[in-house]
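First up is the structure itself, then whatever we jot down about it.
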Number of protein chains: 2
Amino acid sequence: MSDRNLSQLDHALLELRSLVMNGEFSGGQRLSEVAVAKQLGTSRTPLRQAMDRLVAEGLLERIETGGCRVATFTRDDIADAIELRGVIEGTAARMAAERGVSAELLSQANAVLEGIDRAIKASNGLNFECYVHRNAEFHTLLAKFSGSALVQREIERVSMLPLASPSAFLSEQAAIPDFVDSLRYAQRQHRAIVEAITNHEGARAEALVREHARLALINFNYLTDVQPTLVNDVPGLALVAST
Amino acid sequence: MSDRNLSQLDHALLELRSLVMNGEFSGGQRLSEVAVAKQLGTSRTPLRQAMDRLVAEGLLERIETGGCRVATFTRDDIADAIELRGVIEGTAARMAAERGVSAELLSQANAVLEGIDRAIKASNGLNFECYVHRNAEFHTLLAKFSGSALVQREIERVSMLPLASPSAFLSEQAAIPDFVDSLRYAQRQHRAIVEAITNHEGARAEALVREHARLALINFNYLTDVQPTLVNDVPGLALVAST
DNA sequence: TTTTTCAAAATTGTATACATTATATTTATT
DNA sequence: AATAAATATAATGTATACAATTTTGAAAAA
């Protein structure tokens with residue numbers, strides 16, 4: 001119902017990404033263009049374009065003899081993606097501290113931080129949905145702080161890899177011991193990061209962001225360890241090689 | 001003559017990238033698919049695919065109303081690209097130091113370093129061509145050291161941006177004062193980097209690589225400052241906004 | 001039984017025709 | 001004359017037909 005007035009390409013891109021993320025095509029087999037095109041109700045042309053973009057994203061990989069298949073991700077691959085995201089986000093923070101950030105952007109950041117506070121201290125406990133949303137906003141803003149379109153783009157790129165986004169599978173982690181406490185810890189890191197940027201402490205800002213990314217890594221490890229007991233429809237989880 | 005047995009797509013990709021890099025389509029105008037397809041002697045289908053990939057590379061950018069145009073790069077954009085390359089290469093070095101590198105790869109690195117030495121101390125002065133080649137090899141190897149396919153890929157990606165590669169416009173810099181001396185300095189950095197990795201000194205390896213990337217930045221600044229006096233066919237230079 | 005060869009089938013790569021949308025030009029109106 | 005509307009033109013987006021390649025499967029040979 002949201003697909004009207006979307007181009008065939010955009011439709012195919014969204015649909016195909018979702019199917020791949022949910023493990024619809026697992027098996028390492030080449031995915032047939034005619035079959036998938038029929039499944040998505042479009043022609044081969046926009047589908048091929050969508051496939052091309054997913055290859056660029058890293059979700060699919062080309063086969064030497066033609067066509068492409070779903071890429072497989074080991075746990076190490078995803079850990080690397082999370083670490084690399086932390087590294088580039090750290091660079092964004094350092095650049096922001098070194099180059100300065102407009103008062104307007106800073107006030108936006110503070111507004112987001114207050115939003116996160118409210119999500120944590122909601123009257124009926126934690127407001128997951130709101131937290132996830134605000135957290136994503138914070139990281140988007142952090143990328144913007146860099147003042148570099150390239151850095152911003154690369155953060156987005158890496159964050160698009162399965163389970164690498166700062167908000168990935170956040171709401172599935174209620175089972176983690178001391179989960180709410182870790183959210184509070186993350187929020188203190190958020191504030192420290194903004195503080196360091198405001199004070200033009202580049203090295204500190206970078207280090208803090210990297211440390212912040214380690215939380216995602218810890219959560220990912222927990223997620224994969226207890227995988228069987230958790231709901232299995234976390235997007236991207238199906239792509240993690242089991243061995 | 002090298003284009004036989006290349007697919008239409010590969011042909012279009014190479015040709016189009018080269019044309020764009022050399023400023024054939026400067027002007028910010030949308031580049032017409034039919035016109036360019038005719039110019040490359042192929043049909044629209046593989047050309048569109050090639051355009052799509054160049055958009056993913058960042059060389060072209062999509063236009064909201066359809067089609068795409070050549071992206072424009074400010075000096076700051078390129079400086080950011082060089083810095084980001086340094087950051088990710090630094091991560092590769094740190095990962096290599098932390099995780100360890102096989103003896104075989106290390107010996108390959110040492111062989112490359114000796115090759116660079118020979119290029120610098122060639123009987124008839126400096127051997128540019130050889131130096132450029134070996135230097136590229138060193139950086140490729142460094143990416144490989146990370147042990148992470150993702151990190152390797154992202155280094156390649158960023159290095160593909162105009163003037164961001166570690167070997168970009170190296171041979172055009174003979175006019176730089178103390179140029180050979182700076183190559184010797186760079187080579188000492190290379191050795192220090194390998195040493196740090198061998199000794200599992202992650203933080204040092206990372207810092208050294210970042211410092212190493214600053215050389216490219218210095219050279220880029222020199223290049224753009226004296227741009228009028230230098231040969232103007234340095235690939236990518238045409239894309240730098242003059243203002 | 002296993003391997004090799006060859007042909008048929010199916011799949012991807014490419015070209016092109018068509019539909020749809022954006023752009024340019026012209027005409028009408030203020 | 002300047003602006004707005006309308007039409008004509010040209011461009012991109014999409015579907016499909018065809019060509020080239022790969023894959024599959026069967027038949028023949030070892």
Side-chain angles (χ1 to χ4, degrees), chain A residues 1-20 23-72, chain B residues 1-20 23-72:
Chain A
M1 35 248 302
S2 68
D3 293 15
R4 275 306 82 122
N5 83 14
L6 272 184
S7 71
Q8 291 295 88
L9 168 59
D10 287 339
H11 163 73
L13 196 51
L14 285 171
E15 195 89 6
L16 183 57
R17 188 190 287 119
S18 159
L19 286 176
V20 170
E24 189 81 1
F25 302 108
S26 59
Q29 278 298 83
R30 168 165 64 189
L31 38 119
S32 158
E33 295 179 0
V34 286
V36 178
K38 203 168 89 177
Q39 185 172 353
L40 300 193
T42 184
S43 80
R44 275 180 62 213
T45 305
L47 170 67
R48 266 166 77 73
Q49 224 175 324
M51 281 175 162
D52 250 36
R53 296 211 189 166
L54 292 192
V55 168
E57 276 185 23
L59 219 60
L60 300 179
E61 60 187 12
R62 248 173 265 289
I63 300 176
E64 315 71 42
T65 57
C68 53
R69 77 185 135 217
V70 176
T72 57
Chain B
M1 34 240 297
S2 67
D3 292 15
R4 278 307 83 122
N5 84 12
L6 271 185
S7 71
Q8 291 295 90
L9 168 59
D10 288 339
H11 163 73
L13 196 52
L14 285 171
E15 194 89 7
L16 183 58
R17 188 190 286 121
S18 159
L19 286 175
V20 169
E24 190 80 1
F25 302 108
S26 59
Q29 279 298 86
R30 169 166 63 190
L31 37 116
S32 158
E33 294 179 1
V34 287
V36 178
K38 203 168 91 179
Q39 186 173 353
L40 300 193
T42 185
S43 80
R44 275 179 64 212
T45 305
L47 170 68
R48 266 166 78 75
Q49 224 174 327
M51 281 176 163
D52 250 36
R53 296 212 189 169
L54 292 191
V55 167
E57 276 185 22
L59 220 60
L60 301 179
E61 60 188 13
R62 249 173 263 290
I63 300 176
E64 312 72 41
T65 57
C68 54
R69 77 185 135 217
V70 176
T72 57

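Residue numbers start from 1 in every chain, and the chains themselves are labelled A, B, ... in the order their sequence lines are given, proteins ahead of strands. Computed from a prediction, not measured in an experiment: that's the story for all the values here.
- A/Leu14 is listed as a side-chain neighbour of A/Leu6, based on a closest heavy-atom distance under 4.5 Å.
- Straight-line distance from the CG atom of B/Asp52 to the P atom of D/dT14: 11 Å, rounded to whole Å.
- Within residues 55-68 of chain A, the residues having any heavy atom under 4.0 Å from DNA chain C are, by residue number, A/Gly66, A/Gly67.
- With a 4.5 Å cut-off on side-chain heavy atoms, B/Arg62 and B/Asp52 count as touching.
- The side-chain heavy atoms of B/Thr42 and B/Glu15, taken from C-beta on, include no pair separated by under 4.5 Å.
- Of the side-chain N and O atoms in B/Arg48, none sit less than 4.0 angstrom from OP1 or OP2 of D/dT12.
- Here the range on DNA chain C touched by chain A, meaning any atom under 4.0 Å from one of its heavy atoms, is C/dT12 to C/dT14.
- The shortest distance between side-chain heavy atoms of B/Gln29 and B/Arg69 does not fall below 4.5 Å.
- In this structure, A/Leu47 reaches neither bases nor backbone, as no heavy-atom distance under 4.0 Å exists between it and the strands shown.
- When rounded to the nearest whole Å, the span between CZ of A/Arg30 and P of D/dT22 equals 10 Å.
- Atom CD1 of B/Ile63 sits about 7.5 Å away from atom CG of B/Leu31, to the nearest 0.5 Å.
- Residues B/Val70 and B/Leu60 have side chains in contact (heavy-atom distance under 4.5 Å, counting atoms from C-beta outward).
- Checked by atom type and distance alone, the side chain of A/Arg30 pairs as donor or acceptor with a backbone atom of A/Gly66 at under 3.5 Å.
- In this structure, the CZ atom of B/Arg44 is 18 Å from the P atom of D/dA17, given to the nearest Å.
- Of the two residues near DNA chain D, A/Gly41 and A/Gln29, the one whose nearest nucleotide lies more 5' is A/Gly41.
- Across the protein-nucleic acid pair, B/Leu6 atom CG and D/dA20 atom C1' stand 16 Å apart, rounded to whole Å.
- Side-chain atoms of A/Arg17 and A/Val20, non-hydrogen and from C-beta on, never get closer than 4.5 Å to each other.
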